[in-house]
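Following: one structure in structure tokens, then a few remarks.
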Amino acid sequence: MILLDYIVNLSIFSLMVSTPLVIRSFSSHRSLKQLRIWVGVYAGVVSILLVALSIHQQGYSYDIRYAPVILVFAYLGPIAGTITGGFALFARLFSSGHWTPAIIGWILIMISFIIIHILTKRHLPVKKCLYLYVSYVVIYIVTVPIIFNVLRHEPLFHFQYMLFVLLGVILGALLIESYERLHRIIIEKKQMEKSLAESESNYRLIAENTSDLIMVMKRDHSVQYFSPSHELVLGYRGVKLEKFELCKFIHPDDVRMFRDTIEWMFENKASVSMEFRFHHKDGYWIEFESRCMPVECENNSVEHIVIISRDISERKKAEEILLQSEKLSIVGELAAGVAHEIRNPLTTIKGFIQLYKKEKGPIEFNELLLSELERIETITSELLSLGKPQAIQLKKTDLRDLVESILELLAPQALMNNIQFKLTFENPDFLIICERNQLKQVFLNLLKNAFEAMPEGGEIHVHLRNGIDGTVIISVRDEGCGIPEELLPRLGEPFYTLKEKGTGLGLMICHKLIKQHHGRIHYQSEIGEGTLVEITLPVAS
Ligand code: ADP
Ligand code: MG
């Protein structure tokens with residue numbers, strides 16, 4: 001019978017513990033201080049109920065009124081705990097006699113609970129429950145059977161009593177802990193949802209108001225998202241673009257590079273930058289510079305690529321103008337040398353003509369005359385082709401041939417500056433794919449710098465050799481003033497110059513053009529010894 005009564009007791013207790021916890025999980029928090037007092041009162045009412053339900057046996061009633069007191073002390077501290085304890089004592093005094101042991105025991109328990117609360121402030125509530133329960137047991141045994149001699153020879157009774165309270169505490173703590181955990185999970189989830197919604201709205205705000213063009217591309221090259229800026233730059237409505245495969249809007253010459261790059265990214269999961277032309281609704285092409293980033297899913301595969309682009313048409317135009325003006329300035333500087341170079345054959349020709357005139361005979365175009373005329377033609381057409389803006393045409397070219405033509409063009413100026421060229425090569429030819437005029441401009445800039453570094457004259461060594469992995473290396477070595485080591489990394493920066501009348505654009509243009517040819521530039525220099533510039537370019541496959 002006692003067991004059945006006890007189970008009823010325990011069930012009602014657990015229902016009383018769970019109810020406020022469940023209510024709390026549906027409602028939001030109130031101020032904690034007030035809440036503590038109210039929970040203390042509530043737990044006090046529970047302990048009154050537990051006293052009312054107490055089990056009577058062998059003339060002594062026993063109840064689990066201290067279970068809520070221990071739990072409230074452990075979870076809410078001494079104020080709420082003492083309120084609950086007060087209710088418990090009240091109920092006990094009203095329900096039966098033996099007031100002295102009940103009151104003394106209560107006072108001792110409250111004091112020890114407060115001390116334990118102070119000593120175990122940093123401990124988890126579950127641990128506190130254990131300490132509080134142990135101190136309760138010690139005080140109970142010392143006061144009830146030992147001092148007040150209540151049922152001293154019924155150890156089983158006391159054991160049972162202690163066990164019932166223990167089970168009450170364990171059950172209560174389990175319920176509170178599990179509800180707490182659940183509550184934490186719910187709050188975390190709510191917070192996560194809130195921050196997710198916030199960050200999503202932030203990103204959306206950025207994506208929809210930036211002047212950069214953001215798109216998200218799927219594996220099948222269709223587009224999942226187009227930022228509204230596309231509409232502004234390209235003239236299409238986003239919905240229209242989303243229906244088509246992206247490649248349909250890309251310049252036919254760039255499609256292959258675009259597809260290959262995207263495929264490579266899906267396979268290698270790496271970010272890439274590229275430039276391509278995109279079709280405007282009104283029929284013209286817009287130059288895009290894009291940063292493409294793969295987005296990895298949970299299973300580590302890439303399903304999407306984010307492409308952030310900007311319209312660089314204006315920048316390209318400005319670069320073109322810069323390139324052209326720099327080129328013209330070199331051509332202008334070459335003019336003096338060229339005039340000198342042309343004057344020599346002209347003197348020869350003039351001499352011949354005067355001779356013929358004197359002899360009054362018909363003009364005979366002998367070999368020398370023809371070869372001098374050819375020389376004038378070569379030099380002037382070379383100069384013209386350099387100065388004229390031309391459409392970019394990638395062609396298979398022999399690098400040796402190209403270098404030789406540049407050296408020939410510079411020969412008069414070299415002569416004037418007391419400079420000798422030494423051209424050496426390891427193979428008879430070095431075929432590369434390039435835009436001839438652009439590479440000529442690179443070598444002109446390098447050789448011009450070498451000239452300027454050697455005002456007293458000297459030798460410039462140009463050497464061609466094959467590098468590893470299908471590359472060809474052209475090195476230009478001068479015997480000039482050299483460049484301090486700490487300045488080497490700055491070479492190629494726009495407007496970086498140490499010369500009084502320098503522009504600081506020569507090497508910047510070299511870097512840009514060599515990059516366009518998928519090559520690299522490397523510098524090595526020693527002050528007072530000279531400078532070595534090495535350009536590596538891929539050979540034609
Ligand atoms: P600029 O010739 O107009 O100054 P560049 O971009 O061609 O601009 O060169 C930048 C700087 O790099 C030069 O001012 C010079 O100090 C240094 N430099 C480049 N090439 C050489 C070289 N061969 N020897 C010594 N210094 C060099
Ligand atoms: Mg220069």
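Model, not experiment: these values are computed from the prediction. All ligand and atom numbering here is 1-based and tracks the order in the structure. Atom set for the values below is all heavy atoms of this structure, side chains included, hydrogens, waters and symmetry mates excluded.
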Please compare [options] and report which has the shortest non-hydrogen distance to [atom].
atom	options	answer
atom 12 (O) of ligand 1	Leu491, Ile509, Thr497	Leu491
atom 6 (O) of ligand 1	Leu487, Asn449, Leu507	Leu507
atom 24 (N) of ligand 1	Thr531, Leu532, Leu488, Asn445	Thr531

For Gly502, the ligand 1 atoms whose distance to one of its heavy atoms is below 4.0 Å: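 Within the 4.0 Å cut-off of Gly502, ligand 1 contributes 3 (O), 4 (O).
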Ligand-side contact atoms (ligand 1) for residue partner Ala453, heavy atom cut-off under 4.0 Å: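 With Ala453 as reference, the close atoms of ligand 1 come out as 24 (N), 25 (C).
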Thr503 touching ligand 1 at heavy-atom level, < 4.0 angstrom: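 Yes, Thr503 has a heavy atom closer than 4.0 Å to ligand 1.
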Gly504 touching ligand 1 at heavy-atom level, < 4.0 angstrom: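 Checking ligand 1 against Gly504, which is what was asked, there is a heavy-atom contact under 4.0 Å.
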Leu446 and Cys510, any side-chain heavy atoms less than 4.5 Å apart: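 With C-beta onward as the side chain, the pair touches.
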His280 ring center within less than 6.0 Å of Trp285 ring center: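 Distance test on ring centres: not under 6.0 Å, no.
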Which protein non-hydrogen atom lies closest to [atom], naming both residue and atom, and how far is it?
atom	answer
atom 23 (N) of ligand 1	Asp478 OD2, 2.8 Å
atom 21 (C) of ligand 1	Ile483 CD1, 3.8 Å
atom 16 (O) of ligand 1	Leu498 CB, 3.4 Å
atom 15 (C) of ligand 1	Lys499 CE, 3.9 Å
atom 11 (C) of ligand 1	Tyr496 O, 3.9 Å

Cation over ring face, Arg400 and Phe425, 6.0 Å, 45°: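 Output yes; distance and angle both within limits.
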Option among Phe249, Phe288, Phe226 that satisfies the side chain to side chain contact (heavy atoms under 4.5 Å, CB included) test with Leu234: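 Result for side chain to side chain contact (heavy atoms under 4.5 Å, CB included) with Leu234: Phe288.
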Under 3.5 Å: donor-acceptor pair, side chain of His251, backbone of Glu287: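 Side chain of His251 to backbone of Glu287: no pair is present.
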Side chain, backbone, both or neither: the part of Leu446 lying under 4.0 Å from ligand 1 by heavy atom: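 For Leu446, no heavy atom sits under 4.0 Å from ligand 1.
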Between NE2 on residue His511 and CD1 on residue Ile514, distance to nearest 0.5 Å: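 If I round to the nearest 0.5 Å, the distance is 9.0 Å.
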Thr503 backbone or side-chain N/O/S under 2.8 Å from the Mg ion (ligand 2):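 It does not: Thr503 brings no N, O or S atom closer than 2.8 Å to the Mg ion (ligand 2).
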Among Lys218, Arg219, Glu296, Gln224, the one residue meeting side chain to side chain donor-acceptor pair (under 3.5 Å) with His304: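 Passing option: Gln224.
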The single option from Arg36, Glu177, Glu180 passing side chain to side chain donor-acceptor pair (under 3.5 Å) against Tyr75: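 The passing option is Glu177.
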Ile250 to Val255 - nearest heavy-atom pair and separation: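 Looks like O-CG2, 3.5 Å.
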